[in-house]
Amino acid sequence: MDPREVYARLLESFGRQNWWPIDREYHLRRGTNPLDEVVIGAVLTQNASWKNAEKALERLKEKGELSLRFVKEVSLERLKELVRPAGFYNQKAVYLKEVASFLLSPRGVLPRREELLKVKGVGRETADAILLYAYGVPTFVVDKYTLRWLERFYGLRTDYEGAKAFFERSVAKNAPVYSEYHALLVELGKRHCRARRPVCGDCPLRDACLLYNSFKK
DNA sequence: TACCAGGTGGGAA
DNA sequence: TTCCCACATGGT
């Protein structure tokens with residue numbers, strides 16, 4: 001099945017996911033940049049549930065400020081305390097400061113992917129998530145769910161860059177579509193294509209899935 | 001109780 | 001390049 005049809009089916013089944021979630025009212029009130037929330041959230045959610053990342057975001061709002069400026073200026077120890085619910089807080093606090101320093105330093109308007117990747121704490125997924133969801137750059141975001149699904153559905157075993165290239169040559173470059181596609185794959189991974197025991201029963205893609213069809217024989 | 005969650009960096013093989 | 005491990009909280 002063509003990846004474009006996969007997208008259509010997932011959208012049909014799950015509906016729009018409305019990523020990236022941003023508290024626009026907060027930023028309007030505080031005069032802070034809503035895009036900072038994407039960047040900070042992208043680091044906080046690294047190998048953590050979004051719920052825990054949200055708890056850390058809430059603490060930043062309540063006890064500090066949800067902005068890169070605040071992250072850069074607050075003490076490291078205080079920042080660790082604030083982001084604790086997201087887990088890995090010792091390293092995430094360091095990562096946040098690194099990202100804030102980079103993005104607040106004088107540069108061109110758009111950060112370049114290669115430059116972002118040099119920042120400690122910004123790996124491929126975080127870099128692409130920042131570029132796509134904060135800056136609207138049509139770059140495909142790959143995660144564990146995506147790699148697992150590619151292997152199960154197409155029998156395609158590949159790495160991050162391979163998966164990214166696969167989607168970018170199959171689906172026309174379009175930031176809103178890439179945004180939605182990634183969010184839909186995450187939803188698919190949560191609902192059906194789970195790690196240990198996939199729940200194929202009512203999976204919208206099962207008729208074309210290599211793994212599912214291999215079960216039946 | 002063990003596993004999992006919108007990963008990354010660093011070191012060994 | 002490809003594995004392996006540490007990093008940590010909170011939910012099921």
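Order of the sequence lines fixes the chain letters, A, B, ..., with proteins taken first and strands second; residue numbering starts at 1 for each chain. Just so it is clear, the structure is predicted and the values come from calculations on it, not from any experiment. Values reported hereafter were calculated over all heavy atoms of this structure, with side chains retained and with hydrogens, waters and symmetry mates removed.
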Q.
Do the side chains of Glu65(A) and Arg69(A) get close enough for a salt bridge, i.e. N-O under 4.0 angstrom?
A. no
Q.
Show the nearest heavy-atom pair for residues Tyr145(A) and Gly189(A), with the distance to one decimal.
A. CD2-CA, 3.4 Å
Q: Determine the Euclidean distance between corresponding P atoms of dC4(C) and dG6(B); express it in Å to zero decimal places.
A: 24 Å
Q. Ion pair present between Lys61(A) and Glu58(A), side-chain N to carboxylate O less than 4.0 angstrom?
A. yes
Q: Not counting sequence neighbours, list each pair that qualifies as a side-chain hydrogen bond (donor to acceptor under 3.5 Å, both in side chains) and has a residue in residues 102-112 of chain A.
A: Arg112(A)-Glu114(A)
Q) So which of residues 33-72 of chain A are in contact with DNA chain B, with a heavy-atom cut-off of under 4.0 Å? A) Thr45(A), Gln46(A), Asn47(A), Ala48(A), Ser49(A), Trp50(A)
Q. Got a second to check how far Cys203(A)'s SG is from Arg191(A)'s CZ, nearest 0.5 Å?
A. 10.5 Å
Q.
Any donor-acceptor pair under 3.5 Å linking the side-chain atoms of Lys164(A) with those of Thr146(A)?
A. no
Q: Indicate yes or no: does Glu151(A) engage Arg157(A) in a salt bridge with an N to O separation below 4.0 Å.
A: yes
Q.
For residues 175-208 of chain A, which residue pairs pass the ring-ring contact (aromatic ring centres under 6.0 Å, His included) check, not counting sequence neighbours?
A. Tyr7(A)-Tyr181(A), Trp19(A)-His182(A), Phe140(A)-Tyr178(A), Phe140(A)-Tyr181(A), Phe167(A)-Tyr181(A)
Q.
Can you see whether Asp128(A) engages Thr139(A) through a side-chain donor-acceptor pair at a distance of less than 3.5 angstrom?
A. yes
Q: Taking all heavy atoms of Pro204(A) and all of Phe14(A), pick out the closest pair and write down the distance.
A: CG-CZ, 4.1 Å
Q: For Leu117(A) and for Arg196(A), find the nucleotide of DNA chain B with the closest heavy atom, then tell me which residue's nucleotide is more 5'.
A: Arg196(A)
Q | Separation between the P atoms of dC3(B) and dC5(C), rounded to whole Å | A | 14 Å
Q.
For DNA chain B, which residues of residues 78-98 of chain A approach it to below 4.0 angstrom with any heavy atom?
A. Gln91(A), Tyr95(A)
Q: For DNA chain B, find the residues of residues 120-139 of chain A with a heavy-atom distance under 4.0 Å and give them by number; none if there aren't any.
A: Lys120(A), Gly121(A), Val122(A), Gly123(A), Arg124(A), Glu125(A), Thr126(A)
Q | Donor + acceptor pair across side chains of Arg124(A), Tyr160(A) (<3.5 Å) | A | no
Q: Any chance you could measure Glu125(A), atom CD, to Asp143(A), atom CG, to the nearest 0.5 Å?
A: 5.0 Å
Q. Charged N to carboxylate O under 4.0 angstrom, Glu77(A) versus Lys80(A)?
A. yes
**Q.** Positional range of nucleotides in DNA chain B within the contact set of chain A, heavy-atom, under 4.0 Å
**A.** dC3(B) to dG10(B)
